[in-house]
Amino acid sequence: AAVARIRNFSIIAHIDHGKSTLADRLLQQTGTVSDRDMKAQFLDSMDLERERGITIKLQAARMNYRAQDGQEYVLNLIDTPGHVDFSYEVSRSLAACEGALLVVDASQGVEAQTLANVYLALEHDLEIIPVLNKVDLPGAEPDRVKQEIEEIIGLDCSQAILASAKEGIGINEILESIVLLVPPPPDQTRQPLRALIFDSYYDSYRGVIVYFRVMDGAVRRKDRVRLMASGKEYEIDELGVLSPQQVEVEELHAGEVGYFAASIKSVEDARVGDTITLVKEPAEKPLPGYVEAKPMVFCGLFPTDSEQYEDLREALDKLRLNDAALQYEPETSSAMGFGFRCGFLGLLHMEIVQERLEREYNLDLITTAPSVVYQVTTIKGEVLEIDNPCELPDPQYREKIEEPYVRVDIITPEEFVGPLMELCQTRRGEFANMKYLTPGRTTLIYELPLAEIVTDFFDQMKSRTRGYASMEYQLIGYRPNPLVRLDIMIHGDPVDPLATIVHRDKAYYVGKALTEKLKELIPRHQFKIPVQAAIGSRVVASESIPALRKDVLAKCYGGDISRKKKLLQKQAKGKKRLKSIGTVDVPQEAFMAVLKLQ
Ligand code: GTP
């Protein structure tokens, strides 16, 4: 297509504001997908995504649209993931666009995640078209939400489109606005090839399928290309566009969006943000903005049955083919046996990987509580990165410990400001700012240790605001704090996966709460089990799990048979996720107990 008639755009929206529904409508209206093929929500294709109602991986779709000016346009929709863990991928897909639809639920309003992505889009100089969705709802207040967008983002909303993705209202107007307002890509066809990778996935037949936007020059099937960050070279076997199913083409030039396959063995070799150029006529410099994704959160994964160790390794190897941000290395624990220490972009990323390992690879895993990465300066002046609490050097060997801090932006109805401030204070938060957005809505900004966020912060925020607040965070650097390692002993033995790093002032409280929680979670045994929390050799809290009374099951025998069945079923279920530590069976929940303290 001629560059002047290409429009590349993405959709920015908060979860549930209707991005997928709108994307489907656009595909339908442009005849890209026939009504018959229109399964619910074409763009979100992964099961997990659908179940959780969030977009994890981004995709792209090319539409042909005949505008009111009589011309045929090519509209490339580049989808973005809707979660902070993947904000780097969002920034790369925005870098591949000239415009964005800002979709806001007219019955709700602007949310924190929306804001974060709008700011990213503004950084990339994208043309932003505000769309107020769900105007069919009786509770829709488009005027209030328009005012909110104007005040918070400073975006002129006089031309904002009122739409209902569900009822098909405003869809033509949106398509026309994309043509009229989003600038065409600059005509850089004569330059040496530079194409930006914004997504990729592993296909077992063709190798990695790379999604890219050509920024300069052109690429043809059979071209030899070089990926400038990884330095790897490949011959393109297959080149095509996404309509939205893959359709092969011979050539793609500046401004176009497409995919290629080149027998690439792992997504690690074709990372998001890397630049593709031609081997025979390479570009001088790669496109700006490439960053290697860095894991922020680590945890241990151990098979409940040690025979599954090799299976776990194979499963991780396979997942990694498709997930360059996933890191892992073997870990041996005296309590847990052989497993892996794994690094993730964030908590959601961690949950997704765990769930896939269990569902798709049928593994039974014990997951240890997540930890952030600490920077420890030793007395010799070395700086160590510690992602596993049990590897923290003893106090006499360390000069200082620093921990990652994040800036958290929370948008909330005014009435919840009090409870949220209290939550942030108890999580060692430092108040940074508070702004009234529109009558009744407030943004609250705090600086907090990341370690306090990766626990149950998000859940707590939701429950304290009945689901009305939204949050977003970004890393702002490392800060020193008086941190200590809290060890847990069960039946006299230290259990290293239960060790955590806590602030000195909170150690006593955490120790007490944690031992109480463990007492609740660890089933009774034939013998009494002491549970202790200690800093170094000093015990700061202790509890004990009383021995099992012998007649618990016996009592049921004579009585209600269904009750006995239930009890046995419950035990059988529980059995699946137990790890024997010495003579004590510890259930999965106990390893996560530190996340569930009140
Ligand atoms: P993520 O994929 O998680 O980012 O969510 P999303 O923004 O894609 O939201 P989605 O399209 O899945 O819509 C969320 C819910 O809102 C669904 O139940 C939709 O049916 C509903 N919805 C979407 N658009 C409209 C609309 O215009 N009106 C009404 N009444 N409901 C809508």
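Every number for a ligand or one of its atoms is a count from 1 in the order of the listing.
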Atoms of ligand 1 close to [X] [distance to a heavy atom under 4.0 angstrom, numbered from 1]:
X: His14; answer: 7 (O)
X: Leu137; answer: 30 (N)
X: Ser164; answer: 26 (C), 27 (O), 28 (N)
X: Gly18; answer: 6 (P), 7 (O), 9 (O), 10 (P), 11 (O), 13 (O), 23 (C)

Under 3.5 Å: donor-acceptor pair, side chain of Arg441, backbone of Val110: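 Yes, Arg441 side chain to Val110 backbone: donor-acceptor pair under 3.5 Å.
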
Counting both backbone and side chain atoms, is some N or O of Glu167 under 3.5 Å from an N or O of ligand 1?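 It does not: no N or O of Glu167 is found under 3.5 Å from an N or O of ligand 1.
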
Regarding ligand 1, does Ala165 bring an N or O atom to under 3.5 Å of one of the ligand's N or O atoms?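 So ligand 1 has an N or O lying under 3.5 Å from an N or O of Ala165.
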
Measure from atom 5 (O) of ligand 1 to every heavy atom in Thr80, Asp16, Thr21 and give the option owning the shortest one.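 Of the listed residues, Asp16 has the closest heavy atom.
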
Which is closest to atom 15 (C) of ligand 1 in terms of heavy atoms, Lys134, Lys166, Lys19?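 The option holding the nearest heavy atom is Lys134.
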
For Asn8 and Asn76, does a side-chain donor sit closer than 3.5 Å to a side-chain acceptor?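 The criterion, which ignores hydrogens and geometry beyond distance, is satisfied for Asn76 and Asn8.
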
Can you find a side-chain donor-acceptor pair between Asn117 and His14 that sits under 3.5 Å?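 Result is no, nothing qualifies.
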
Ring geometry between Phe212 and Phe260 (parallel below 30°, tilted from 30 to 60°, perpendicular above 60°):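 Geometry flag for Phe212 against Phe260: tilted rings.
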
Decide yes or no for Thr367 and Met592: does some side-chain heavy atom of the first lie under 4.5 Å from some side-chain heavy atom of the second?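 Sidechains of Met592 and Thr367: in contact.
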
What I'd like to find out is whether the side chain of Leu316 reaches to under 4.5 Å of the side chain of Leu357, using heavy atoms alone.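 Yes, close enough: below the 4.5 Å cut-off.
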
